[in-house]
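What follows is a single structure, written as structure tokens, with notes after it.
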Amino acid sequence: MKKQPAFANKASSRGLHFNTGNGPSLIPVDIGHEQYVGLVDPDTAFWSLAGKETLADVLASGGSFMKRYMQRRASFVREMEALRFGLKPTAVYFNPTDRCNLNCSYCYIPEDMRRNGVTMSPARLLKALGKLKDYFAATVPKGMKPQIVFHGAEPLIAREALFAGIDAYRDDFRFGVQTNGTLLDEETTGFLTSRGIGIGLSLDAHVDRIASRTRKTWAGASAFDKVIEALARLKGYPNYNVICTVTRENMRNLVKLVEYFHAHEVPVCMLNPVRCTRQGARDVRPADHELSKHYLGALDRTWKLFRETGRKLVVANFANMLVSIIAPTARRLMCDISPCGGGRCFFAVSASGGLFPCSEFVGVEQFEGGNLFRGSIEKALASKPFQLVTGRKVEAIDPCRRCAVRHFCGAPCLAEAFEMNGGMDRPGAFCELYEEQVRYALRLIADGKHNDYLWDGWDDEATTTFDITA
């Protein structure tokens, strides 16, 4: 039998032209700019800006843009492949207690756990940190400290255990504490700040009547004053941030909220759209198009405040999306890509030692991959629950597979897709919001404003793009 040529069953096209289906795709994206449109390759997260009048010439196969891009496209493919599938965890979201002294309406942790769950003793927490230290010693490059974020529920319910763990392992980990602020008294603040611990507070509005719509005690009382007291104690401390969970109840006040944060010299905040993993969160979910308007208005206001005062208020989750465009592999958080960072960049530990790909899955039994005290971390990371997360591809999600900005987007959140939409092949919430943020970010870049929204000292030279508009 005559041997067939190696190319006999392959497509004959060499992929020489954009957007034919056999070569690279560069999709024009309207960014709402007078002069420029965006060009995005959905497969590589490559982007560029093109003048509206020159768009046809830019996409012509014989032009210099095509030649330059094709010379570099293979390296972009390798870069994204390594980012999406080649990472190992360097951080842990550590829940030292299941319990919380608040009953926030949108909380992702089941109510019974928050009422009646377990709390680690100091000895138990020290044992857990020892196991994590041993694991990271074999996986993290020498000289790099993995990160432990004490998370919740409310971690300061286990204050004695936290203090013991921080002092025992401060040379081995970078520690952070995410707290609702109600237990952050003078003694606790002094302990954490004297050791340079990262602190995150939760505050959803600039006034009590709005903040208390979603964040209350179990008895229905406000926690606002306690959080404001904690905020005042942290003034001048460089290593803290404030997280606002954005819902239908507070979205119309985001501009006033960033003004409040700026006036109180908050260095970094996060405006996090509510994760709709539980019904309580879905009950206060805002509509995408309404949230987008108020969200982008708040970003506009932070820029104006910076220009007026010379002092930045960085909106960290938007800044991270901006980084994901400027230099995709340098992004700090990993919720804005699929597969997300759960099980790849970080994992979560529950108060009973359960190992989960992400904190959003704590309390969801089918996503518990093992137990820190009864098995190995390596086996948990290789377990089916973890692989469901780490192996999920945005290309398999409808309609994400057709989206130009799919590698800059937080809407493929698997926890939301599983809990809200009932399937791994479905998106989460707020697709339109993320799309609008990407368009906004590209407008900033077109106008040369993007560095005003980033952390001071940010170096944007490591970019996987080239500017064809110059």
Side-chain angles (χ1 to χ4, degrees), residues 32 102-108 178 180-181 200-216 222-224 227-228 231 241-264 266 268-305 313-322 333 335-336 360 405 408-411 413 415-416 419-421 427-441 443-444 453:
L102 297 186
N103 184 29
C104 301
S105 61
Y106 51 68
C107 188
Y108 58 85
Q178 178 60 43
N180 61 35
L201 291 181
S202 295
L203 180 64
D204 286 355
H206 64 298
V207 291
D208 192 346
R209 63 181 175 80
I210 300 172
S212 298
R213 291 173 185 172
T214 51
R215 301 185 64 81
K216 300 177 182 179
S222 168
F224 183 80
V227 181
I228 299 306
L231 192 66
N241 64 78
V242 183
I243 293 178
C244 166
T245 298
V246 185
T247 68
R248 188 175 63 245
E249 301 294 339
N250 64 357
M251 67 175 178
R252 291 175 178 80
N253 293 276
L254 291 182
V255 169
K256 292 181 179 178
L257 180 63
V258 296
E259 290 175 344
Y260 183 85
F261 286 160
H262 190 270
H264 286 74
V266 173
V268 177
C269 71
M270 297 182 75
L271 305 179
N272 289 343
V274 61
R275 281 294 185 202
C276 298
T277 50
R278 296 205 173 268
Q279 189 58 51
R282 296 192 281 275
D283 289 342
V284 292
R285 174 191 175 186
D288 278 47
H289 68 282
E290 294 180 351
L291 176 55
S292 297
K293 176 179 65 175
H294 299 294
Y295 202 103
L296 299 186
L299 295 177
D300 282 340
R301 186 60 181 138
T302 64
W303 184 79
K304 291 176 182 177
L305 288 167
L313 169 65
V314 176
V315 181
N317 51 318
F318 173 73
N320 189 67
M321 173 175 281
L322 189 53
L333 308 174
C335 290
D336 49 11
E360 296 282 347
V405 300
F408 309 131
C409 179
C413 174
E416 281 183 329
E419 293 286 340
M420 182 178 82
N421 289 337
F430 303 116
C431 296
E432 183 176 328
L433 171 65
Y434 287 103
E435 177 186 330
E436 290 300 324
Q437 285 189 64
V438 173
R439 295 176 69 245
Y440 182 91
R443 287 199 299 275
L444 295 179
Y453 288 76

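Numbering of residues begins at 1 and proceeds along the displayed sequence.
N421 places a side-chain N or O within 3.5 Å of a backbone atom of P427 that can act as its donor or acceptor partner. Between the side chain of Y295 and the backbone N or O of L271 there is at least one donor-acceptor pair closer than 3.5 Å. Of the possible polar contacts, none joining the S292 side chain to the H289 backbone as a donor-acceptor pair under 3.5 Å is found. Looking at R301, its side chain never comes within 3.5 Å of a backbone N or O of V255 through a donor-acceptor pair.
Distance CZ/F224 to NE2/H206: 8.0 Å, rounded to 0.5 Å. Taken from CG in L291 to CG in L433, the straight-line distance is 4.5 Å, to the nearest 0.5 Å. Taking SG of C413 as the reference point, atom CD of E419 lies at 10.0 Å (rounded to 0.5 Å). The structure places CG of D208 at 11.0 Å from CZ of R213, a figure rounded to the nearest 0.5 Å.
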| message | Between W303 and L444, does the side chain to side chain contact (heavy atoms under 4.5 Å, CB included) criterion hold? Intermediate values first, please. | response | CA-CA 11 Å; W303 184 79; L444 295 179; 6.0 Å; no
| message | Evaluate F261 against T302 for side chain to side chain contact (heavy atoms under 4.5 Å, CB included), listing each step before the verdict. | response | CA-CA 10 Å; F261 286 160; T302 64; over 6 Å; no
| Taking it one step at a time, do V266 and V268 satisfy side chain to side chain contact (heavy atoms under 4.5 Å, CB included)? | CA-CA 6 Å; V266 173; V268 177; 5.7 Å; no
| request: For side chain to side chain donor-acceptor pair (under 3.5 Å), just list the numbers for E249 and T214, CA-CA rounded to whole Å, side-chain angles, deciding distance to a tenth of an Å, and then say yes or no. | output: CA-CA 8 Å; E249 301 294 339; T214 51; over 6 Å; no
| task | Test side chain to side chain contact (heavy atoms under 4.5 Å, CB included) on M321 and V438 and set out the steps. | result | CA-CA 7 Å; M321 173 175 281; V438 173; 3.9 Å; yes
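Of the charged side-chain nitrogens involved, at least one lies within less than 4.0 Å of a carboxylate oxygen, so that E416 and R275 count as a salt-bridged pair. Taking a cutoff of 4.0 Å between a charged side-chain nitrogen and a carboxylate oxygen, R439 and E436 qualify as a salt bridge.
Of all heavy-atom pairs spanning V258 and L313, the tightest one is O-CD2, 3.5 Å. The minimum heavy-atom distance linking D283 with R248 is given by the pair O-NH2, 2.7 Å. Residues L257 and A205 come closest through the heavy atom pair CD1-C, 3.6 Å. Between A316 and M270 the shortest heavy-atom distance is CB-CG, 3.8 Å. Taking each heavy atom of V314 and A319 in turn, the nearest pair found is CG1-CB, 3.9 Å. Considering every non-hydrogen atom in both A223 and L102, the closest pair reads CB-CD2, 3.8 Å.
Looking only at atom types and distance, the side chain of D300 has a donor-acceptor partner in the side chain of Y440 under 3.5 Å away. Of the N and O atoms on the side chains of D204 and Y106, at least one donor lies less than 3.5 Å from an acceptor on the other residue. Side-chain N/O atoms of N180 and S202 include no donor and acceptor closer than 3.5 Å.
For E432, there are no salt bridge (charged side-chain N to carboxylate O under 4.0 Å, His left out) partners, not counting sequence neighbours. Applying the ring pair (Phe, Tyr, Trp, His ring centres under 6.0 Å) criterion to Y260, with sequence neighbours excluded, gives H264. Here R215 pairs with nothing under the salt bridge (charged side-chain N to carboxylate O under 4.0 Å, His left out) rule; sequence neighbours left out.
You'll find the side chain of L201 stays beyond 4.5 Å of the side chain of N241, heavy atoms only. Within the 4.5 Å cutoff, the side chain of E290 has heavy atoms near those of the R252 side chain. Residues V315 and L299 have side chains in contact (heavy-atom distance under 4.5 Å, counting atoms from C-beta outward). Using a 4.5 Å heavy-atom threshold, the side chains of L254 and C244 count as touching. Under the 4.5 Å side-chain criterion, counting only non-hydrogen atoms from C-beta, I228 is in contact with L203. Counting heavy atoms from C-beta outward, Y434 and D336 have side chains that stay 4.5 Å or more apart. By the 4.5 Å heavy-atom criterion applied to side chains, N272 and I243 are counted as neighbours.
R285 forms a cation-pi arrangement with F430, by the criterion of a distance under 6.0 Å to the ring centre and an angle within 45° of the ring axis.
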